Each structure stands twice: as structure tokens, then as C-alpha cells.
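Scroll down for the structure; my scribbles are underneath it.
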Amino acid sequence: MPITPRAYKGMRDHLPEAMRLRRFITDTLIGVLERYGFEPLSTPIVEYSDTLEGKIGDEEKLLYRLKYGDDALTLRYDQTVPLARVVAQNEGKLTMPFKRYALGQSFRGERQARGRYREFWQLDADIVGVDSPIADAEIVAVVVEGLRAIGFTGAKVLLNHREILSGLARVAGVAENEAGGVYRAIDKLDKIGNDGVRNELLKSGVSAEAAERVLHFVGISGSVDAVLAEMESVLANDAPALAAVAALRTICDVLTSFGVPADSFTISPSLARGLSYYTGCVFEAVLDSPPMGSLLGGGRYDNLVGMFSKRSLPTVGCAFGLERLFDLMLELNMGPRPERTIDAYVTLFASDFQNESLRLAGELRAAGLSVLTAYNPVKIANQFKEADRKGANFALVLGPDDLAAGVVQLKDLRTGEQQAVARDAIVAAIKTAL
RNA sequence: GUGGCUAUAGCUCAAUGGCAGAGCGCCUCACUGUGGCUGAGGAUGUUGAGGGUUCGAGCCCCUUUAGCCACCCCA
């Protein structure tokens with residue numbers, strides 16, 4: 001009795017057509033990262049459980065646990081904790097600052113929702129071991145450039161800073177234990193509007209007066225310079241928050257120096273992005289048009305990567321979530337058009353001549369072309385049909401007449417034009433016609 | 001975690017409780033050395049799974065699985 005074939009819930013197969021788009025996304029992004037000097041890193045999908053435990057609080061029930069003999073193992077749920085482990089384990093071999101990118105899947109047993117899967121691929125980029133705002137700016141630049149390179153030309157990065165939020169809470173007179181509720185509330189500003197945020201603030205116990213101060217602050221808008229200046233005047237007496245404003249100013253200056261377009265980044269006082277482990281700047285990439293939610297996020301977390309190390313390892317990074325980018329690009333019909341990926345399809349005329357055809361295929365492959373051959377000398381029309389469907393640019397025929405004449409029939413499947421090409425000139429003919 | 005919606009051919013979807021269909025795709029032929037276009041023909045279903053009501057269930061009821069949407073939460 002055959003069982004019903006099905007992929008495990010929350011996990012997906014990617015057929016060749018989908019994989020071509022996914023490869024386009026990751027190849028393009030990696031190209032950008034390598035221009036910024038990021039180096040590739042790969043770590044195992046499985047870690048000892050004690051490496052991952054205790055890092056994400058009550059989310060631990062989402063972890064996939066494995067047992068192999070006496071080994072307690074866990075599938076990684078992100079690529080940041082493994083980064084911390086590998087950095088600590090190889091301190092002598094890595095020169096700081098360490099700029100690495102890592103492409104791979106992570107696993108969380110979450111209930112499925114739009115854009116959220118139990119197996120998800122991310123391309124993480126982090127700069128470890130330096131607290132310079134230049135590093136923050138590099139990460140933001142990579143995000144802008146990367147998103148635009150894969151086709152999100154309207155992508156924009158919203159910037160804020162953890163210490164500015166803390167300073168806001170202090171200046172507005174919000175009790176320390178209410179600050180979390182404030183961050184959660186203001187992060188929804190775009191979604192629920194001013195009144196919605198006010199309700200949430202009051203509901204979480206913030207005084208009406210403090211709520212109004214918070215609302216005024218998150219309403220600050222305008223050019224980068226104007227927003228930063230206004231923030232400074234509101235935060236006038238809060239030294240850590242003022243330092244954070246200065247850091248944001250430097251980041252924006254550096255972005256401008258890098259040539260990052262001014263319309264691709266802005267300061268957003270309402271951006272909170274969770275709170276968990278960010279310690280410095282935080283950012284989020286959004287789409288202006290069409291208006292979509294967050295594309296990806298990132299920021300500075302100075303206490304995370306050093307957790308297995310004696311040294312302090314300030315880190316800034318981001319993670320391109322492949323699932324979200326992929327789903328969006330499919331939905332918006334983005335990405336390169338399906339293209340022909342096979343250079344040549346060599347037909348088999350008859351078993352008697354198949355060695356000649358296969359020898360020809362071998363020569364084409366040796367010349368660097370991607371080549372398919374027929375496997376059975378079925379009716380030639382069907383072989384042409386298959387060549388077309390597989391996306392071959394050319395179909396080649398070596399029949400008895402051609403062998404006698406010392407030629408190969410070369411048909412361009414894109415134009416329908418066919419010519420007889422001398423057997424020893426065939427590689428050159430294909431290469432020039434490609 | 002809460003609430004709602006959906007599941008029918010490979011795909012997108014129809015079908016008053018009464019013979020399971022269409023479009024696209026697929027296969028064959030027109031065309032025994034030439035794909036796409038056109039025309040003619042053909043195949044395809046345990047109606048997600050399990051149970052129940054009924055003379056009779058794709059349709060109604062229960063259970064289950066999976067997916068989608070909103071909320072919650074959030075790397």
C-alpha cells in the first residue's frame with residue numbers, strides 16, 4: 001500500500017524553476033557581499049543542545065531535538081549562535097574584525113503563517129569584533145544594494161537606535177518595567193496609527209502624559225538631519241541617547257560617502273524591532289511600492305557573539321530571509337524571466353550512429369557548453385520537442401546524410417534557422433551563435 | 001496559542017443531495033530527417049484521510065491531516 005507522498009508540514013520542496021529564482025537571489029546577494037569583503041562561512045546544521053539552549057528564552061519548545069546515541073543534539077534555529085560558537089572556537093585563526101556571510105537553513109517548529117516556515121533559509125551577514133559605526137553603515141549599505149540588485153528598486157532602510165528608545169522611555173517618564181510595552185506599541189505605529197498606539201500605551205500602564213510625549217517623539221519626521229536635530233532637542237539631558245543620535249548621524253554620513261542614495265534610508269523613531277538582543281542601531285528594510293511589510297531586519301548586538309568567548313565581540317549584522325524574498329518575488333512576478341539554460345541538445349538519429357552523436361556531445365561539453373543528449377533514438381520530432389522543452393538553444397542532428405557529408409545539422413531553436421556546419425567547426429559555430 | 005476559511009484531474013477551478021466536468025497542461029496523429037503555431041483524437045480522479053446520516057453524499061454531520069487569512073508572538 002503506497003503511502004501518500006508529502007513533505008513535512010512547514011517545509012517545502014523547490015523544483016528546478018523555483019531553484020533558479022532562489023539561486024538568482026542568493027548569487028546576486030553574495031556577489032554584493034563579496035564586493036564588501038565578506039568571507040564565506042558554513043557551520044553544521046546540527047549543534048550540541050547545550051550550545052543552543054538558554055539563548056532564546058521560552059521559545060525553546062520550538063527547537064527540533066535529536067538524539068544519536070548519548071549525544072543530545074538540536075537543529076540550529078538561527079545562524080547567529082553558531083557564529084558565536086565558531087568564532088570562540090577559532091579565535092586564533094580569525095582576524096578581527098571578522099566579516100562573514102553564511103547561507104543555510106535553520107529550523108523552528110513554529111505554527112505556519114505567511115512567510116514563516118519550519119525550515120527557512122537565510123543569508124546572514126555580520127561584522128564581528130568592531131563597534132565602529134562604519135561597520136553599521138556597511139551592513140545597511142549591503143542591505144540597500146543587495147535588495148536593489150535583486151529587483152526591489154524601491155527598497156528603503158528605516159534606522160533607529162536601541163539607546164534612543166531607552167532614552168525616550170526615560171525622558172517621557174515611563175517606568176522601567178513598562179518600557180517593553182512601549183517599544184511593542186510604537187513598533188505598530190504604521191499598522192494601528194496614532195490612536196491605536198495611544199490605546200496600547202495606556203493599556204500597558206503608561207501615564208497619559210508620558211504617552212503623549214512618546215507619541216510626539218515617534219511622530220518626528222523629515223530629513224535625516226531634521227529628525228536627528230529634533231531627537232537631540234527632546235533627549236537633551238540623556239547622555240546615552242545623545243551618543244546614540246550621534247552614532248546614527250555618523251552612520252548616515254558614511255552611507256552618503258559610500259554613495260548610497262539618499263532616498264534609500266531614513267530615520268524612523270518608531271522602529272523598535274523586538275528588543276531581545278539588540279544593543280545599538282536597529283534597522284528594517286521596507287518596500288515603498290508596493291507597500292509591503294518588513295523585508296528584513298538587523299542591527300547591532302554587542303553581547304551575543306562574545307557569549308562563548310572571553311573577549312567582548314561587538315557585532316552588527318543582518319539576515320536576508322530567503323523565504324520572504326522568494327515568496328514576494330514570485331508574487332510580484334519579479335526576477336529574471338525563465339531563460340534557456342541548456343546550450344545544445346544532441347539528437348540520436350539511430351542506434352547505428354549513436355556513438356558519433358555522443359562523441360559530439362562529449363566534445364561540446366569539453367568546450368564548456370551545457371549539453372543534453374537524447375537517450376533513445378525515437379522519432380526525431382519528439383527529440384526536437386524535448387530539446388525545446390528543456391530550454392536548449394540549439395538542436396544538433398547527425399544522421400547518415402550528414403555523416404557522409406562530414407557536417408552536423410545545427411538548428412537554432414529560438415529562431416528556427418538551421419544550417420549544415422562542418423563537423424570540425426561545430427564548437428566554434430555554436431559559441432559564436434550563442 | 002486564539003478565531004475564521006479552504007481541500008475535486010498534473011495546474012487553476014466548476015458541478016439543486018441524483019451519471020464527476022471545463023480551461024490549461026500531458027499523450028497520439030496530421031508530419032517515417034525537425035520543436036513552438038494550428039487541427040483532430042485520447043488518457044487522467046479512492047472528490048485530502050477516516051467515520052456517520054441518507055434509497056442515494058463532492059455537497060449534510062463528526063473526527064483527522066494539510067494549506068490559507070486575521071490576531072498573538074517574533075528572529
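This structure is a prediction, so every number in the text was calculated from the model and none was measured. Numbers restart at 1 for each chain; the letters A, B, ... are given by sequence-line order, proteins then strands.
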The side chain of [X] is closest to which nucleotide in this list: [options]?
X      : options             : answer
A:R116 : B:U34, B:C73, B:G36 : B:C73
A:D401 : B:G35, B:G33, B:A75 : B:G33
A:L413 : B:C74, B:G35, B:A75 : B:G35
A:K385 : B:G36, B:G67, B:U34 : B:G36
A:R184 : B:A75, B:U34, B:C73 : B:C73
A:R108 : B:G33, B:A75, B:C72 : B:A75

Query raised in the report: Taking for each residue the nucleotide of RNA chain B with the nearest heavy atom, is it A:R414 or A:F349 whose nucleotide lies nearer the 5' end?
Result: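 This one resolves to A:F349.
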
Query - Which residue lies more 5' along RNA chain B, comparing A:I380 with A:G298 via nearest heavy atoms - result: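 Upstream on the strand: A:I380.
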
Interatomic distance at [atom1], [N] relative to [M], whole Å:
N     : M     : atom1 : result
B:G45 : B:C11 : C1'   : 14 Å
B:C59 : B:C24 : P     : 29 Å
B:U47 : B:C71 : C1'   : 33 Å
B:C13 : B:G56 : C1'   : 26 Å
B:U12 : B:U54 : C1'   : 33 Å
B:G52 : B:A15 : C1'   : 24 Å
B:A57 : B:G51 : P     : 14 Å
B:A22 : B:G41 : P     : 13 Å

Could you tell me the separation between the [atom1] atom of [X] and the [atom2] atom of [Y], rounded to the nearest 0.5 Å?
X      : Y      : atom1 : atom2 : answer
A:L75  : A:L52  : CG    : CG    : 9.0 Å
A:L304 : A:T315 : CG    : OG1   : 7.5 Å
A:R300 : A:R162 : CZ    : CZ    : 14.5 Å

Report task. Taking all heavy atoms of A:A137 and all of A:I251, pick out the closest pair and write down the distance. Result ->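 Result for this residue pair: CB-O, 3.8 Å.
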
**Report entry** Nearest heavy-atom neighbours spanning A:F349 and A:L398
**Finding:**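 Result for this residue pair: CB-O, 3.6 Å.
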
Query raised in the report: According to a strict under-4.0 Å criterion, is A:K379 in side-chain N/O contact with OP1 or OP2 of B:C29?
Result: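 Looking at the OP1 and OP2 atoms of B:C29, one of them is under 4.0 Å from a side-chain N or O of A:K379.
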
Look at all strands and tell whether [X] reaches a base, only sugar-phosphate, or nothing, counting heavy atoms closer than 4.0 Å.
X      : value
A:G299 : nothing
A:Q383 : nothing
A:F120 : nothing
A:K188 : sugar-phosphate
A:A387 : nothing
A:Q409 : base
A:A395 : nothing
A:G416 : base
A:R76  : nothing

Please report the distance, rounded to the nearest Å, between [atom1] in [X] and [atom2] in [N].
X      : N     : atom1 : atom2 : result
A:R324 : B:C74 : CZ    : C1'   : 13 Å
A:N199 : B:C71 : CG    : C1'   : 16 Å
A:E417 : B:G35 : CD    : C1'   : 15 Å
A:E17  : B:G10 : CD    : P     : 19 Å
A:Q122 : B:A75 : CD    : C1'   : 7 Å
A:E110 : B:C74 : CD    : C1'   : 7 Å
A:D327 : B:G67 : CG    : C1'   : 13 Å
A:D13  : B:G10 : CG    : C1'   : 15 Å

With a 3.5 Å cut-off and just heavy-atom distances, do the side chain of [X] and the base of [N] make a donor-acceptor pair?
X      : N     : answer
A:R389 : B:C26 : no
A:N382 : B:G35 : no
A:K411 : B:U34 : yes

**Report entry** Among A:V421, A:V407, A:V408, side-chain contact (heavy atoms from CB on, under 4.5 Å) partner for A:D402
**Finding:**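 So the option named by the test is A:V407.
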
Query - Option from A:L103, A:T80, A:L83, A:L41 for which side-chain contact (heavy atoms from CB on, under 4.5 Å) with A:D124 holds - result: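 That would be A:T80; it is the only one of A:L103, A:T80, A:L83, A:L41 passing the side-chain contact (heavy atoms from CB on, under 4.5 Å) with A:D124.
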
Query raised in the report: Just checking, A:R414 and A:F394: is the charged tip under 6.0 Å from the six-membered ring centre and within 45° of the axis?
Result: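 Checked: cation-pi criterion met.
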
Report task. State whether A:R22 and A:E323 are salt-bridged, where the test is any N-O pair (Lys NZ or Arg NE/NH1/NH2 against Asp/Glu carboxylate O) under 4.0 Å. Result ->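 Looking at A:E323 together with A:R22, the answer is yes, because their closest N to O distance falls below 4.0 Å.
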
Query - Pairing string, 5' to 3', for RNA chain B - Watson-Crick or wobble contacts under 3.5 Å, brackets [ ] where pairs cross, | to another strand - result: (((((((..((((....[..)))).(((((.......))))).....(((((..]....))))))))))))....

Query - Side-chain heavy-atom pair A:F120, A:R324 within 4.5 angstrom cut-off - result: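 With C-beta onward as the side chain, the pair stays apart.
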
